[in-house]
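It should be emphasised that the depicted structure is a prediction, and the values quoted were computed from it without experimental measurement.
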Amino acid sequence: MSKSYKHLDAIATLFVTVLLISNITSTKIVSLGWFTFDGGTLIFPLSYIFGDILTEVYGYSRSRKVIWLGFFCAFLMAVTFSLVGALPPAADWKYQEAYHQILGSTPRIVAASLIAYWIGEFSNSFILAKLKILTRGKWLWTRTIGSTLVGQVLDTAIFILIAFLGIVPSSIIWVLIASNYLFKCGIEILFTPMTYWITNWLKRQEQEDYYDTNTNFNPFRFSKLTSYTKPSE
């Protein structure tokens, strides 16, 4: 029988919530000190932290299910925004143009986010799972930061190019990519102590420390989970 967990649902819910909020807030470009980035960047790095925690504690297969859950939730959100925007407004409702200005571009941004997030998150989860086996569960920071450096460069470049190419000048495109990447990786590094604490706490609470020694890493494969095997010291 599949093992029951106390906190897996909560982590999955937070992961999906962060994804949806970041998709909507990405419609605004903000400037913060030396950085210029879309508003979603302020919260999106947390999805990678939650992704790291999911894979580290519960394993790649469970993380894979949560990644797909986020994908379909974001898709449903984009379809809903488009449908509502296409419906005729009430006679006394004067904010149709404002709705389109704020949420009208959301489907394109969500499409960019879905593609970039799918590639980035699966790359992040795959690398972390493999590094955990390679390091025999030691040096968590090498896995969380190393996997993020790869996942975020893919995620950031793909998202910015799809979401903003042809909308903003090309010079701004490269500034956005560099700013987003540095900011996101900086957040991951900054939150490393918190990631350590949450991960260790969850491992004690769940009595789980999954090693993907026999995992099928195909993102389209949902195989039955088996007990993890912890490498010998």
Side-chain angles (χ1 to χ4, degrees), residues 15-16 18-23 25-56 60 63-64 66-68 70-71 74 108-135 139-192 194-196 199 212 217-220:
F15 179 93
V16 174
V18 166
L19 174 64
L20 298 183
I21 293 173
S22 64
N23 282 334
T25 53
S26 290
T27 57
K28 180 176 180 178
I29 305 298
V30 301
S31 179
L32 185 63
W34 295 339
F35 298 100
T36 300
F37 47 79
D38 62 273
T41 300
L42 289 173
I43 190 173
F44 185 71
L46 295 179
S47 70
Y48 271 72
I49 294 174
F50 287 128
D52 290 343
I53 293 170
L54 281 165
T55 304
E56 175 68 21
Y60 176 90
S63 181
R64 171 171 52 197
V66 177
I67 292 172
W68 275 112
F71 183 94
R108 174 173 176 172
I109 289 176
V110 171
S113 177
L114 288 174
I115 297 170
Y117 144 88
W118 191 90
I119 295 173
E121 285 289 352
F122 274 116
S123 299
N124 179 76
S125 185
F126 172 81
I127 292 172
L128 189 144
K130 287 294 188 181
L131 285 177
K132 185 173 184 179
I133 298 171
L134 183 65
T135 61
W139 311 310
L140 175 60
W141 65 272
T142 63
R143 303 193 289 283
T144 59
I145 295 176
S147 61
T148 294
L149 291 176
V150 176
Q152 286 287 13
V153 74
L154 294 172
D155 186 292
T156 302
I158 293 170
F159 173 76
I160 296 297
L161 290 173
I162 296 176
F164 298 112
L165 190 64
I167 297 177
V168 299
S170 58
S171 58
I172 299 297
I173 291 288
W174 300 114
V175 172
L176 285 173
I177 291 175
S179 296
N180 272 262
Y181 182 66
L182 293 174
F183 187 87
K184 290 173 182 177
C185 292
I187 292 295
E188 175 77 34
I189 295 171
L190 184 65
F191 275 72
T192 294
M194 181 65 72
T195 305
Y196 261 83
T199 299
D212 287 286
F217 288 96
N218 183 345
F220 300 99

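- Judged by distance alone, the side chain of Asn180 and the main-chain N or O of Thr156 form no donor-acceptor pair under 3.5 Å.
- In the displayed structure, Phe71 atom CZ is contacted under 6.0 Å by more than 12 heavy atoms of other residues, nucleotides or ligands.
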Before giving the answer on side-chain contact (heavy atoms from CB on, under 4.5 Å), spell out for Leu131 and Thr142 the whole-Å C-alpha distance, their side-chain angles and the decisive distance to 0.1 Å.
CA-CA 8 Å; Leu131 285 177; Thr142 63; 5.5 Å; no
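- Shortest non-hydrogen contact noted between Ile43 and Ser22 is CG2-CB, 3.8 Å.
- Summarising the geometry of Ser47 relative to Glu121, their closest heavy-atom pair is OG-OE2, 3.4 Å, with the distance given to 0.1 Å.
- To the nearest 0.5 Å, atom CG of residue Asp155 and atom CD1 of residue Ile115 are 11.5 Å apart.
- Between Tyr60 atom OH and Leu54 atom CG the span is 13.0 Å, to the nearest 0.5 Å.
- Closest heavy-atom contact between Ser170 and Trp174: O-CD1, 3.1 Å.
- Of all heavy-atom pairs between Trp68 and Pro219, the closest is NE1-O, 2.8 Å.
- Side-chain atoms of Tyr196 come within 3.5 Å of backbone N or O of Trp141 as a donor-acceptor pair.
- With Ser125 contributing its side chain and Phe122 its backbone, the two residues share no donor-acceptor pair below 3.5 Å.
- Rounding to the nearest 0.5 Å places CD of Glu188 at 5.5 Å from OG1 of Thr195.
- By the 4.5 Å heavy-atom criterion applied to side chains, Ser171 and Val175 are not counted as neighbours.
- Separation of atoms CG (Asn124) and OH (Tyr117) is listed at 11.5 Å; rounding is to 0.5 Å.
- Note that OG of Ser123 and CH2 of Trp118 are 8.5 Å apart. Values are rounded to the nearest 0.5 Å.
- Pairing each heavy atom of Pro45 with each of Gln152, the nearest pair is CA-NE2, 4.3 Å.
- Side-chain atoms of Tyr181 come within 3.5 Å of backbone atoms of Leu149 as a donor-acceptor pair (strictly under, hydrogens ignored).
- Note that CG of Leu128 is 7.0 Å distant from CG of Leu140, once rounded to the nearest 0.5 Å.
- Inter-residue side-chain proximity for Phe50 and Val66 is flagged as unmet; no heavy-atom pair is nearer than 4.5 Å.
- Checked by atom type and distance alone, the side chain of Arg64 pairs as donor or acceptor with a backbone atom of Asn218 at under 3.5 Å.
- Relative orientation of the Phe164 and Phe159 rings is perpendicular, given thresholds of 30° and 60° on the angle between their planes.
- Contact of the Leu46 side chain with the Phe15 side chain is not registered, since no non-hydrogen atoms from C-beta on lie closer than 4.5 Å.
- Shortest non-hydrogen contact noted between Val168 and Ile173 is CG2-CD1, 3.6 Å.
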